[in-house]
Every structure is written in C-alpha cells, then in structure tokens.
Number of protein chains: 2
Amino acid sequence: MEQTINDTLREHNLRSTGCREEVLQTFLARATALSHGDLEGDLKDRFDRVTIYRTLKTFLEKGIIHKVLDDEGARYALCREHCTEDDHHHDHVHFKCNECGQTNCLENLHVPAVQLPTGYRAQETNLLIQGLCADCAKSLDGRARAF
Amino acid sequence: MEQTINDTLREHNLRSTGCREEVLQTFLARATALSHGDLEGDLKDRFDRVTIYRTLKTFLEKGIIHKVLDDEGARYALCREHCTEDDHHHDHVHFKCNECGQTNCLENLHVPAVQLPTGYRAQETNLLIQGLCADCAKSLDGRARAF
DNA sequence: AATAATAATGCAACAGCGTTGCAAATGACA
DNA sequence: TGTCATTTGCAACGCTGTTGCATTATTATT
Ligand SMILES: [Mn+2]
Ligand SMILES: [Mn+2]
Ligand SMILES: [Zn+2]
Ligand SMILES: [Zn+2]
C-alpha cells in the first residue's frame, strides 16, 4: 500500500513528499469525494493548509483526482479510470446524499447523452444527483415504520 | 415592464424596493445566469453588496430565481416555470460556454432519467454541460477557416 | 556518501465571497 | 399622516483560496 502510493506519484512524475502521500492515502481510505476542509481536518497538525491546496491543484493537473460538481463547495475524488495531464474522462454520475452528506462517484453509471440545440458543442458534462443513498434511505424507512 | 416587475414582487409577497426592482430588471434584461458579482457590477453604486446578497436569498426562497450549479461559483437564473416557496421544479439542462463564459438555461431540454443503484432515491438532479454555444462555435469556425 | 539542481513547504499577507448584528430608513396599509 | 413590520447600509467577521518569498527537502549525479 505504501508502495502503491509512491508508485502512483512516480507514475505521474511527482516527487514523494509527506503531504502528497498522506493526501493520497486519505482519498484511498475514505473512498468518497473530499473537500479541502475534509483533508485539512485530518492533516492540519502535520501540514500547512496552503500545502494541501497546492497538493490538490497538482493532483488535479496530473490527473490523479477530478473535481466533483457540488452545490456548496469544491470536492474532489480519485480518478479510477486512467487519466493523464491531457486526457481526462469523467462522464460518470455523481451522487450526493442529503442525509449523510457524502458525495460519491457512481463510476459505472454513464451520463446519458443529450441532444443539444443546433450549433452547440459539448465538451464536458457533469451530472449531480442529490437524494438519499441506499444506507440512509433504509434507516429512514426503519425509523418511519417505528411510529 | 415597470409594472410587470412590481407585479412579480407582489405575487410573491415581497415589498417593492429599489434593489429588488433593479435586480429583477437585470435578470430580465440579461436573460442569462448571473453571479452576485455580475449584479454588483451593475448595481454597486446604488446598493450595498449585502443588500444584493439578501435580495438573491429572498428571491431564491420565494421561487423567483433558482441556483445554477457551476464549476467555479454560484449563479442564479430566473424561474420561467411557475415556482413557489414550496414547489421548485428545475429539471432542465444548463449550458456553460467555455468561450464567452455565459451560462444559460436550456428550458426545453429535460434532464434524462438515470437508473440509480438499488436503494438510492433521487430528489434533485443537476446537469451542467460545458462546451461552445452556437454563436461562439460559429465565430471560432470562421476564424479557423481564415488561415 | 557528498553535492548540486530543482521542486516543495511553511509562513505571512492578501483578495473575494458570503454572513451577521444593529441602528437608521423605508414601504404597506389603515 | 402615522404606525409597525420590513428592509437597508454599515461595520465587522469567518471562510476559502491565492501569491511571494525564504527555507527545507527530494532527486539525480558524481
Ligand atoms: Mn467521479
Ligand atoms: Mn435553469
Ligand atoms: Zn447517505
Ligand atoms: Zn459562447
């Protein structure tokens, strides 16, 4: 695992540093879209917030993470498919649970194509669906039945 | 027109004030999604920026405008369909032009339904397509042909 | 293992966005 | 015209994200 992280950094032509290792580690461990604040919560005693900002920017540029559309602030998630500096492809759906607040990539759910008006050209699409994730829907149902 | 604006405010149980009239006027005139900064640009010598923020918040709550999800910041657009305090419905596509920067509602382009994983429940969807609007695509083509 | 070249970090300072509390001004309505 | 609830401007604040610069760490080379 330690090795995987440094391999990933090396593959993207990035030096191995404490902050980069831990940010990447956090993304792998939490497996959900994270904001800068989430990361700062975990890492602020070890690294300066500016360094975390710069790490996110670097990871974005190198194709290690992608930006996730959100109604309140910027979030980022690991790129599973193989993205590079030039070639990003993230045409999957993102889901945000209004109950637990988690935002996740639905990697195998493709954004459906839409027929744009004449002359328009699409370059990138972002579909965010908000609602209840399976876990929260279930526990809310349980709570409702109790009454 | 003057009358239309005050009618709209009245219909939503809002007092007619200079700031509200001019913000609504600006939305009608520009016919595109606006950020707080856009409005401030037009109105800052007449109204305090806090008042503009509060006007946006009020219009949002009353269903006069809706929030448009954007990759860089908050934008707002007029509700065309009849929204109220309780009942918002904005399942149309939003398009942002990467050339001219304008974000627009494609009112008659419905967000297609997607089949979520078992247990998930959708409550709201936001589809943002980025690319080139018809005007910009055309003028870029013209420029390319000139070489 | 020591060195040199390059890149990353921490710190301080800053700009922009959005919110809040409060006193003064204004709009609605009788 | 007067009353009362609402809205406004102002000052202050917190949060997010950026920049410049001196210091430190990583990497490649010897
Ligand atoms: Mn994703
Ligand atoms: Mn819209
Ligand atoms: Zn949930
Ligand atoms: Zn355009």
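Note that the structure is a prediction, hence the values are computed from the model and not measured. In the text below, chain A, chain B and the rest are named by the order of the sequence lines, each starting its count at 1.
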Next item on the list: Give a yes or no on whether E72(A) atom CD has more than 12 heavy-atom contacts from other residues, nucleotides or ligands under 6.0 Å away.
Entry: yes
Check: Rounded to the nearest Å, what distance is computed from the CD atom of residue E61(B) to the P atom of nucleotide dT7(D)?
Finding: 10 Å
Check: In whole Å, what is the span from the CD atom of E72(B) to the P atom of dG18(C)?
Finding: 12 Å
Next item on the list: Search all heavy atoms of A122(A) against all heavy atoms of I129(B) and return the closest pair with its distance.
Entry: CB-CG2, 3.7 Å
Notebook entry, point to check: Listed in order of residue number, which residues of residues 42-52 of chain A have a non-hydrogen atom at under 4.0 Å from DNA chain D?
Noted result: R49(A), V50(A)
Notebook entry, point to check: In whole angstrom, what separates Y53(B)'s OH from dT7(D)'s C1'?
Noted result: 18 Å
Margin query: Between N13(A) and G37(B), which residue's closest nucleotide on DNA chain C lies nearer the 5′ terminus?
Written below: N13(A)
Check: Does the ring pair (Phe, Tyr, Trp, His ring centres under 6.0 Å) test come out yes or no for Y76(A) and F59(A), once each step is laid out?
Finding: CA-CA 10 Å; Y76(A) 307 89; F59(A) 282 8; over 10 Å; no
Checklist line | Between dG14(D) (P) and E40(A) (CD): distance, integer Å | finding: 15 Å
Notebook entry, point to check: Given atom CD of E21(A) and atom P of dA8(C), what is their separation to the nearest angstrom?
Noted result: 13 Å
Next item on the list: Tell me whether the centres of the aromatic rings in Y53(B) and H36(B) are closer together than 6.0 Å.
Entry: yes
Check: Nearest of dG17(D), dT9(C), dG18(C) to any side-chain atom of H36(B)?
Finding: dG18(C)
Next item on the list: Using a 4.0 Å cut-off on protein heavy atoms (strictly under), produce a 5'-to-3' string for nucleotides 24-30 of chain D with B for base contact, S for backbone-only sugar-phosphate contact, and - for none.
Entry: -BBS---
Check: Side chain of R121(B), backbone of C133(A): donor and acceptor closer than 3.5 Å?
Finding: no
Next item on the list: Looking only at non-hydrogen atoms, find the nearest pair between A134(A) and T118(B) and report the distance.
Entry: CB-O, 3.7 Å
Check: Expressed in angstrom and rounded to an integer, what is the separation of D70(B) atom CG from dC17(C) atom C1'?
Finding: 14 Å
Notebook entry, point to check: Where do L109(A) and P117(B) come nearest, in terms of heavy atoms and distance?
Noted result: CD2-CD, 4.2 Å
Next item on the list: Spell out, as yes or no, whether a donor-acceptor pair under 3.5 Å connects the side chain of T32(A) to the backbone of T103(A).
Entry: yes
Notebook entry, point to check: Hey, is the side chain of R54(A) pairing donor to acceptor with the base of dG10(C) inside 3.5 Å?
Noted result: yes
Next item on the list: Can you tell me the distance, in whole Å, between the OH atom of Y76(B) and the C1' atom of dG18(C)?
Entry: 9 Å
Next item on the list: Quickly work out the K57(A) NZ to dT16(D) P distance and round it to whole Å.
Entry: 17 Å
Next item on the list: Mind checking side-chain hydrogen bond (donor to acceptor under 3.5 Å, both in side chains) for R10(A) and listing every partner two or more places apart, or none if nothing turns up?
Entry: none
